[in-house]
Number of protein chains: 2
Amino acid sequence: MAQSDTVDRILDAAEELFAERGFSETSLRMITSKAKVNLAAVNYHFGSKNALIHAVFARFLTPFSATLEQAFDELEERCGDQPPTLNETLWALTESSIRMPQRNEKGIAIFMRLLGLAYTQSQGHLRKFLEQEYSEPFSRFMRLLKQATPQLSAVDRYWRIQFMLGATAFTMSSSDALRDILQNKTGVETSVQEIALRLVPFLAAGMQAENPMLMPPVDSKISVA
Amino acid sequence: MAQSDTVDRILDAAEELFAERGFSETSLRMITSKAKVNLAAVNYHFGSKNALIHAVFARFLTPFSATLEQAFDELEERCGDQPPTLNETLWALTESSIRMPQRNEKGIAIFMRLLGLAYTQSQGHLRKFLEQEYSEPFSRFMRLLKQATPQLSAVDRYWRIQFMLGATAFTMSSSDALRDILQNKTGVETSVQEIALRLVPFLAAGMQAENPMLMPPVDSKISVA
DNA sequence: GTCTGTTTGAAACATACGTTTGAGACACTC
DNA sequence: GAGTGTCTCAAACGTATGTTTCAAACAGAC
């Protein structure tokens, strides 16, 4: 065959296993046996396990960042001279991830879960790779957030962005498990789209919370320094 | 010595390394060499690596859940017949974690980071252990949250609790790094307590966000199923 | 002092990992 | 059809892991 499908089979299997079990917990032998290819094929085609991890991310992150740039372009054009609102900015991001062309029905879930893992698992090489490959859409998103929340001080905004990131990364990185728990308890099925639809209002409300430095209840034992 | 301090040295080293690097990424040899004890001591005193992980959690989770139960007792007594508000409930939890007797200055950060890892890293044995050992204070907190947000459906509440958990665990687990970044950028110093003071209003606002199923902006391409 | 149960020490065990090797199969060019 | 570059395969390599072993050191009781 002109271009072997071995590479794609490996990427498919790796993507799924990484999302299910994390990076360190997934061995090359699991990947190659799921992909039904020889063990050596990974090192032949990708060079190393770390390079395979990068390739898995690049495969969906490259088209995603293009989609995202486009969404931001449209958004800013639509808004004319005044900056997009917080809600619009958050939805632009959410839509871009939901509208991504997907290889299978689990596409978004895997996508989100991998992003969460990238943040959560302290894989130095991965963070370095993502920073130098995809820094532009990220800082553009940050700029939009800043314009959308001019009432916040830089420090408040900084921490609230961390809170948003945390809620998102954490939820998405364990979304499979959480969905299972919920279904076992209540029988309710939840799609990733629905999780996103619930997450965005939560984030927007938190981001715009009234008092940036609300005091604890009067009888609290905490003293504010 | 009557009761060897080997056990505590192992627990101290394990706690710190687990929080820094995760469970699978931390080997027993790292732990024993940091603790300056023999490799076999771990299996002698704890039986296995998994049992050591459980012991690390039990050491801070047992006193914490006691403190928490007490805080909830006081809160419910103070409120009499009407249920505590969301703010009061969140502050009771926050105070309990801040007031915890700490072994060192990194106590809270490590505590939070480990909790986040427990959720994130798919360690089946750990989740099982935590569920059957500490289900009571957890479900009590859930009950209080339910009483404090009667306007939410069970499903909405479930997901918003996950969002809160995520924002908290994520922020606290990387609070050291985040504080350093902020200080380098702006020169502002931030204590863990101050982070909590910013976090609680964010969470409360998100939890009480107006529309549980806010629609995307009118011109959005998302269609809600 | 001697015995007994507990704890430490160095070494080895079995297994799993990521990676490398070298021979073979295949498709394609000239 | 010989030659060439690409890819696959089974096997092995070196290393790191969790766990076990067994002798030595130690403590306290009698």
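Lettering of chains follows the sequences in order, A, B, ..., and the numbering in each one begins at 1. Note: hydrogens, waters and symmetry copies are ignored here, and every other heavy atom, side chains too, is used. Predicted model, so just to flag it, every value in this text is computed and none were measured.
Using a 4.0 Å heavy-atom criterion, one finds that T26(A) contacts the sugar-phosphate atoms exclusively. Using a 4.0 Å heavy-atom cutoff across all strands shown, T32(A) reaches no nucleic acid atom at all.
Judged as a salt bridge (charged side-chain N to carboxylate O under 4.0 Å, His left out), and not counting sequence neighbours, E136(A) has no contacts. Residues meeting the salt bridge (charged side-chain N to carboxylate O under 4.0 Å, His left out) test with R157(A), sequence neighbours left out: none. Residues meeting the salt bridge (charged side-chain N to carboxylate O under 4.0 Å, His left out) test with R29(A), sequence neighbours left out: none. Remark: F138(B) pairs with Y119(B), M142(B) by the side-chain contact (heavy atoms from CB on, under 4.5 Å) rule, at least two apart or across chains.
For dT7(C), the OP1/OP2 oxygens have no side-chain nitrogen or oxygen of T6(B) closer than 4.0 Å. Close to dT17(D), at under 4.0 Å from its OP1 or OP2, lies a side-chain N or O of S27(B). Taking 4.0 angstrom as the limit, H45(B) places a side-chain polar atom (N or O) nearer than this to OP1 or OP2 of dT8(C).
When rounded to the nearest whole Å, the span between CD1 of I31(B) and C1' of dG18(D) equals 11 Å. Remark: C1' of dG18(C) and CZ of F23(A) are 17 Å apart, rounded to the nearest angstrom. For the pair I10(B) CD1 and dT7(C) P, the computed distance is 12 Å after rounding to whole Å. Atom pair K36(B):NZ and dG9(C):P shows a separation of 13 Å (rounding to whole Å applied). In this entry the distance linking CZ of R21(A) with C1' of dC17(C) reads 13 Å, nearest Å. In this structure, OH of Y44(B) is placed 16 Å from P of dC22(D), rounded to the nearest angstrom. Rounded to whole angstrom, the span from the CG atom of D8(B) across to the C1' atom of dT8(C) amounts to 17 Å. To the nearest angstrom, P of dT19(C) lies 6 Å from CG of L28(A).
There is a side-chain donor-acceptor pair under 3.5 Å between T62(B) and Y134(B). Under 3.5 Å, the side chains of E25(A) and S24(B) contain a donor-acceptor pair of N or O atoms.
The distance from atom CG of L28(A) to atom CG of L52(A), rounded to the nearest 0.5 Å, is 7.0 Å.
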Salt bridge (Lys or Arg N to Asp or Glu O under 4.0 Å) between E76(A) and R143(A), intermediate numbers included = CA-CA 12 Å; E76(A) 287 187 316; R143(A) 213 175 319 126; 5.7 Å; no
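A salt bridge links K34(A) with E16(A): the closest approach of a Lys/Arg side-chain nitrogen to an acidic carboxylate oxygen falls below 4.0 angstrom.
Contacts between residues 47-58 of chain B and DNA chain C, defined by a heavy-atom separation under 4.0 Å, are absent.
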Table of protein N/O atoms under 3.5 Å from nucleotides 10-15 of chain C N/O atoms:
residue, atom, partner, partner atom, Å
dA10(C), N7, N38(B), ND2, 3.3

